[in-house]
Asks: 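The structure that follows is given in the form of structure tokens.
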Amino acid sequence: MTDHDVAQDPDERRLSTREAADRLGVKPETVYAYVSRGQLTSRREPGGRGSTFDAKEVDALARRGGRREPSGAGSELAVRTGITLIDRDHCYFRGVDTSELAAHHSYEEVAEWLWTGEMRRGIRFTAPHDALTAARRAVDALPAHTGPMDRLQVAVIAAAAADPLRFDLSERAVLDTARTLIPTLVAALPRRAAERPPARAGAEKAGAGRGSAGHAAPGQAAAELGAGGQGAAGRRAAELGAAENPAPELGAEDGPLAPRLWSRLTSEPADPPSLRVLDAALVLLIDHDLAASTLAVRVAASARAHPYAIVSAGFGALDGALHGAASGLAHRMLLEVLDRGSAAAVVADHLRAGRRVPGLGHPLYPGEDPRARALFALLEDVPRARPALQAARDVITTTARHKEWHANVDLALAVLTVATGMPAEAGETVFAVARTAGWIAHALEEYDEPPLRMRPSGQYSGPRPPQPLP
């Protein structure tokens, strides 16, 4: 019997190496690598020259996700997940359109549902005293120029050190950690100073007739919201608006997460429509399939790292210039468009320098990013966002003359951050806080898989041994 023959035992359904490789979508050598790592069991038949494999075991490994090796150079890691599907310019969480979720539910509600399958109306995440105290002390000890991503990374480590039960990976313990870690990260960030930043060119137009700060009075904001915020979206906005400007005491950090995060991103007053955009952004950014940071999280979870460690792994990947920082580039571009009064000149500068225009295009969406579409619709109800929104439209229109580039979520985030006086890095902060819930969901999935399965084989390309001693 050759290596490509099947053992003739219909009861055991043995597969040859080649058949096992075909079912897994890998090369025969990779099948033997699975055997060496304990992920498959091989057996030699009496008188046979090749190994055989149990079909059920092979199929189980394929369902868990094996390494796919398509034709051409390189390989990709395929991981089965029931969390996010991206299909035909739509994004779904567990089969539900994310835009619908963002329109009808708060960030905490969607996170809880994603973790447990239960939609708990009005759920609030609260930071425990010990973890929050440790995180704040650690963050406060950092230099004044420290950015928010550095602060978040320090906060998660400090919170972990304050939790002696962090190594309990039971589902209940992980969920308890998730519900307290996210608010701890938000509350550990310093509040923005109360001084108003200098007025930006073009920004005053949005504030005409709306007071010196360019914001609606409470009654005016309520009237605007009443005109366009009926139903579940109106309920959400009312809840968010009622929780504006929470008190600085520890006990006051128990309202909806969006207002709490708002005070860490900008010194400008919050209004219900703007808070609704921020909360929707948090929902839409919870997960996006196996992005680089999410893959890092699953690798850590595969090694059975505790939840704080898996979030640290996600922050590490997110801190890369090609991942979480993209919205900051779009923010700076919109400010330049507003200052110069022309998107054409700014776009031309980017193209002349050989740079992509920030906030445009996404490899997973041939058309417009659905997350951007949802946020742009909500930004229409924010009067102070009109100049930045028009600047974004000018960028899209200018580039459309040469190439059909659609807006992505980074451009929509930039409109929000520019319009509300947030710094350029605010979009990355929103991204990091939001994605923490998605990372926990992926960790819960990975904890149910065999440990250390996220172990691809290296393809050695160095000098062939033996080499002389250096």
Side-chain angles (χ1 to χ4, degrees), residues 84 90-91 93 97-111 114 125 148-149 152 182-183 185-186 189 229 232-233 236-237 239-241 243-244 256-266 268 270-288 291 293 318 323-331 334 358-359 362 365 368-382 384-385 388-389 392 407-439:
T84 299
H90 285 272
C91 183
F93 292 162
D97 194 300
T98 55
S99 298
E100 289 295 313
L101 287 168
H104 294 88
H105 295 285
S106 71
Y107 171 75
E108 298 98 308
E109 290 171 350
V110 175
L114 201 62
F125 297 159
M149 280 306 302
L152 288 173
I182 294 173
L185 294 175
V186 172
L189 294 172
R236 245 185 67 216
E239 291 173 352
L240 293 170
E244 291 177 26
L257 197 77
R260 285 184 264 171
L261 181 58
W262 179 279
S263 65
R264 271 76 184 180
L265 300 175
T266 180
E268 294 198 15
D271 59 89
S274 298
L275 283 171
R276 186 165 48 178
V277 178
L278 177 58
D279 193 50
L282 288 168
V283 171
L284 294 166
L285 291 169
I286 284 178
D287 192 52
H288 206 233
S293 56
L318 187 65
H323 195 3
S327 63
L329 300 176
H331 176 106
L334 290 185
H362 196 289
Y365 299 111
E368 187 178 27
D369 184 333
R371 301 169 298 174
R373 186 166 57 243
L375 291 180
F376 282 141
L378 291 173
L379 284 163
E380 293 280 359
D381 295 330
V382 181
R384 57 177 156 179
L389 198 55
N408 62 36
V409 71
D410 296 314
L411 189 61
L413 267 181
V415 172
L416 172 65
T417 56
V418 167
T420 55
M422 297 180 185
E425 62 269 20
E428 185 175 13
T429 307
V430 175
F431 195 115
V433 171
R435 191 57 57 91
T436 301
W439 292 336

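Quick note: numbers below take in every heavy atom, side chains included, and nothing from hydrogens, waters or symmetry partners. Not measured: the values here are computed from a predicted model.
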Asks: So, for D279 and H105, which heavy atoms are closest and what is the spacing to 0.1 Å?
Replies: OD2-O, 4.1 Å
Asks: Between E428 (side chain only) and G328 (backbone N and O only), is there a donor and an acceptor less than 3.5 Å apart?
Replies: no
Asks: I need the minimum non-hydrogen distance between A385 and A419, along with the two atoms involved.
Replies: CA-CB, 3.5 Å
Asks: Have a look at R276 and tell me which of L378, V382, L379 forms a side chain to side chain contact (heavy atoms under 4.5 Å, CB included) with it.
Replies: L378
Asks: Which distance, rounded to the nearest 0.5 Å, do you find between the CG of L257 and the CZ of R260?
Replies: 5.0 Å
Asks: If I take atom CH2 from residue W262 and atom CG from residue L275, how far apart are they, to the nearest 0.5 angstrom?
Replies: 5.5 Å
Asks: Do L411 and L334 pass the side-chain contact (heavy atoms from CB on, under 4.5 Å) test, and can you show the C-alpha distance, the side-chain angles, and the key distance before you say yes or no?
Replies: CA-CA 9 Å; L411 189 61; L334 290 185; 4.1 Å; yes
Asks: Taking V110 as the fixed residue, which of T98, V283, L282 is the one that meets the side chain to side chain contact (heavy atoms under 4.5 Å, CB included) rule?
Replies: V283
Asks: Would you find a donor on one side and an acceptor on the other, under 3.5 Å apart, between the side chain of T429 and the backbone of P148?
Replies: no
Asks: Between L284 and L375, is a side-chain contact (heavy atoms from CB on, under 4.5 Å) present by the stated rule, with each step listed?
Replies: CA-CA 9 Å; L284 294 166; L375 291 180; 3.8 Å; yes
Asks: So, using side chain to side chain contact (heavy atoms under 4.5 Å, CB included) as the criterion, who are the partners of A432 when residues are at least two apart?
Replies: M149, L152, F315, L318
Asks: Search all heavy atoms of G359 against all heavy atoms of D410 and return the closest pair with its distance.
Replies: CA-CB, 4.4 Å
Asks: I'd like to check the side chain to side chain donor-acceptor pair (under 3.5 Å) partners of T84; sequence neighbours left out, ordered by chain and number.
Replies: D287
Asks: For D369, give me all partners under side chain to side chain donor-acceptor pair (under 3.5 Å), at least two apart in sequence or on another chain.
Replies: R371
Asks: Determine whether a donor-acceptor pair (N or O, by modelled atom type, separation under 3.5 Å) exists between the side chain of H104 and the backbone of E100.
Replies: yes
Asks: Going through the checks in order, is the side-chain contact (heavy atoms from CB on, under 4.5 Å) test met by D97 and H90?
Replies: CA-CA 7 Å; D97 194 300; H90 285 272; 3.0 Å; yes
Asks: Name all residues meeting the side chain to side chain donor-acceptor pair (under 3.5 Å) criterion together with S274; count only those two or more places apart in sequence or in a different chain, and write none if there are none.
Replies: D271, R384
Asks: Any idea which heavy atoms bring A372 and A407 closest together, and the distance?
Replies: CB-O, 3.9 Å
Asks: Sequence neighbours excluded, which residues qualify as side chain to side chain contact (heavy atoms under 4.5 Å, CB included) partners of A426?
Replies: L265, T417, M422, P423
Asks: Check C91 against H288 and note the closest heavy-atom contact, atom names and distance.
Replies: SG-CD2, 4.0 Å
Asks: Considering non-hydrogen atoms only, spot the tightest contact between E368 and F376 and give its length.
Replies: OE2-CD1, 3.8 Å
Asks: Using the test side chain to side chain donor-acceptor pair (under 3.5 Å), find all partners of H362 that sit at least two apart in sequence or belong to another chain.
Replies: none
Asks: Go through it in stages, so that I can follow the logic: the residues are V277 and T420, the test is side-chain contact (heavy atoms from CB on, under 4.5 Å), and I'd like the CA-CA distance, side-chain angles, deciding distance and then a yes or no.
Replies: CA-CA 11 Å; V277 178; T420 55; over 6 Å; no
Asks: Tell me whether Y107 contacts the main-chain N or O of A434 through its side chain, where contact means a donor paired with an acceptor under 3.5 Å.
Replies: yes
